[in-house]
Amino acid sequence: MPAKFEVTKIKSGQYIFCLLASNGKVILTGESFTKKNDVFRQIESIKKHSANNANFQRITSGSEGSFFVIKDTNGDVIGKSKIYLSTAGMEKGIASVMANAPRAEVFDWVVENNRNHCRNSG
């Protein structure tokens, strides 16, 4: 299965996205928006900025693990990873986002059906 972005509506009525790796695991999520079009704009921004390693900020939380965020050219966070137990795992997550996000398809589960992998994010 190729990597893909999924857009869904969460319990609060807002819209979010997640990026799934080719193994089906969530590797990146975004903030929630009241307008679905704002989520699509955020996905396009991630596609644009994910090709540059300099746009990734690596964050280590001591014993709690590591995660990364991706930022746009203004320095605003546009996506956040899950928590990784190791720095090596986090680096693999970054490499996966860099390799897959620019060409990942976008699935709008709000329109297509009610099944998605982002459901637990809200």
Side-chain angles (χ1 to χ4, degrees):
M1 167 178 92
K4 63 182 176 180
F5 286 97
E6 291 188 347
V7 176
T8 190
K9 192 173 188 177
I10 57 176
K11 292 176 189 174
S12 67
Q14 295 189 317
Y15 300 91
I16 61 165
F17 81 87
C18 63
L19 174 63
L20 279 73
S22 57
N23 64 5
K25 296 197 179 205
V26 175
I27 53 173
L28 194 72
T29 58
E31 66 180 283
S32 59
F33 293 94
T34 55
K35 296 179 183 174
K36 188 165 51 167
N37 285 341
D38 291 338
V39 174
F40 289 111
R41 278 194 285 280
Q42 188 177 43
I43 290 170
E44 288 307 312
S45 183
I46 286 170
K47 286 182 170 201
K48 175 182 174 185
H49 293 95
S50 63
N52 186 345
N53 191 43
N55 292 328
F56 291 85
Q57 179 182 357
R58 292 139 172 96
I59 301 162
T60 302
S61 311
S63 64
E64 294 183 23
S66 303
F67 67 97
F68 63 88
V69 296
I70 181 170
K71 296 183 175 184
D72 63 16
T73 51
N74 296 324
D76 295 325
V77 173
I78 53 176
K80 181 181 175 183
S81 76
K82 66 174 193 158
I83 298 289
Y84 291 90
L85 298 178
S86 70
T87 303
M90 176 184 65
E91 292 299 331
K92 286 181 183 178
I94 291 170
S96 181
V97 172
M98 290 180 72
N100 293 300
R103 64 179 187 276
E105 285 189 72
V106 179
F107 290 87
D108 182 350
W109 290 112
V110 177
V111 171
E112 294 178 22
N113 66 40
N114 204 20
R115 295 176 51 207
N116 64 75
H117 294 90
C118 299
R119 179 160 307 279
N120 296 329
S121 298

Heavy-atom pair of closest approach, residues Asn55 and His49: ND2-O, 2.9 Å
Which pairs would a plain distance check flag for residues 19-27, meaning a side-chain donor or acceptor within less than 3.5 Å of a matching protein atom at least two apart in sequence or in another chain?
residue : atom : partner : partner atom : Å
Asn23   : OD1  : Lys25   : N            : 3.0

Heavy-atom side-chain proximity of Tyr15 to Asp38 below 4.5 angstrom: no
Name the atoms and distances for all side-chain donor-acceptor pairs under 3.5 Å in residues 91-104, with sequence neighbours left out.
residue : atom : partner : partner atom : Å
Glu91   : OE1  : Arg58   : NE           : 3.4
Glu91   : OE1  : Arg58   : NH2          : 3.1
Glu91   : OE2  : Arg58   : NE           : 2.7
Ser96   : OG   : Asn100  : ND2          : 3.2
Asn100  : ND2  : Ser96   : O            : 2.9
Arg103  : NH1  : Ala99   : O            : 2.5

Ile70 CD1 to Leu28 CG distance, which is reported to the nearest 0.5 Å: 7.0 Å
Interatomic spacing from OG1 in Thr29 to CD in Glu6 - rounded to 0.5 Å: 12.5 Å
Phe68 backbone acceptor or donor facing Ser81 side chain under 3.5 Å: yes
Between CZ on residue Phe5 and CD on residue Gln42, distance to nearest 0.5 Å: 9.5 Å
Student check: side-chain heavy atoms of Ile16 and Thr8 closer than 4.5 Å: yes
Hydrophobic cluster partners of Leu85 (side-chain heavy atoms under 4.5 Å): none
Spacing of CE belonging to Met90 relative to CD1 belonging to Ile59, to within rounding of 0.5 Å: 9.0 Å
Residues, nucleotides or ligands: over 12 heavy atoms within 6.0 Å of Lys47 NZ: yes
Transitive ILVMFWY side-chain link Ile78 to Val69, under 4.5 Å: no
Main-chain N/O of Asn74 paired to Asp72 side chain as donor or acceptor, under 3.5 Å: yes
Pairwise distance CZ(Phe33) to CZ(Phe40) - rounded to 0.5 angstrom: 12.0 Å
Salt bridge (Lys or Arg N to Asp or Glu O under 4.0 Å), paired with Asp108, selected from Lys9, Lys4, Lys36: Lys36
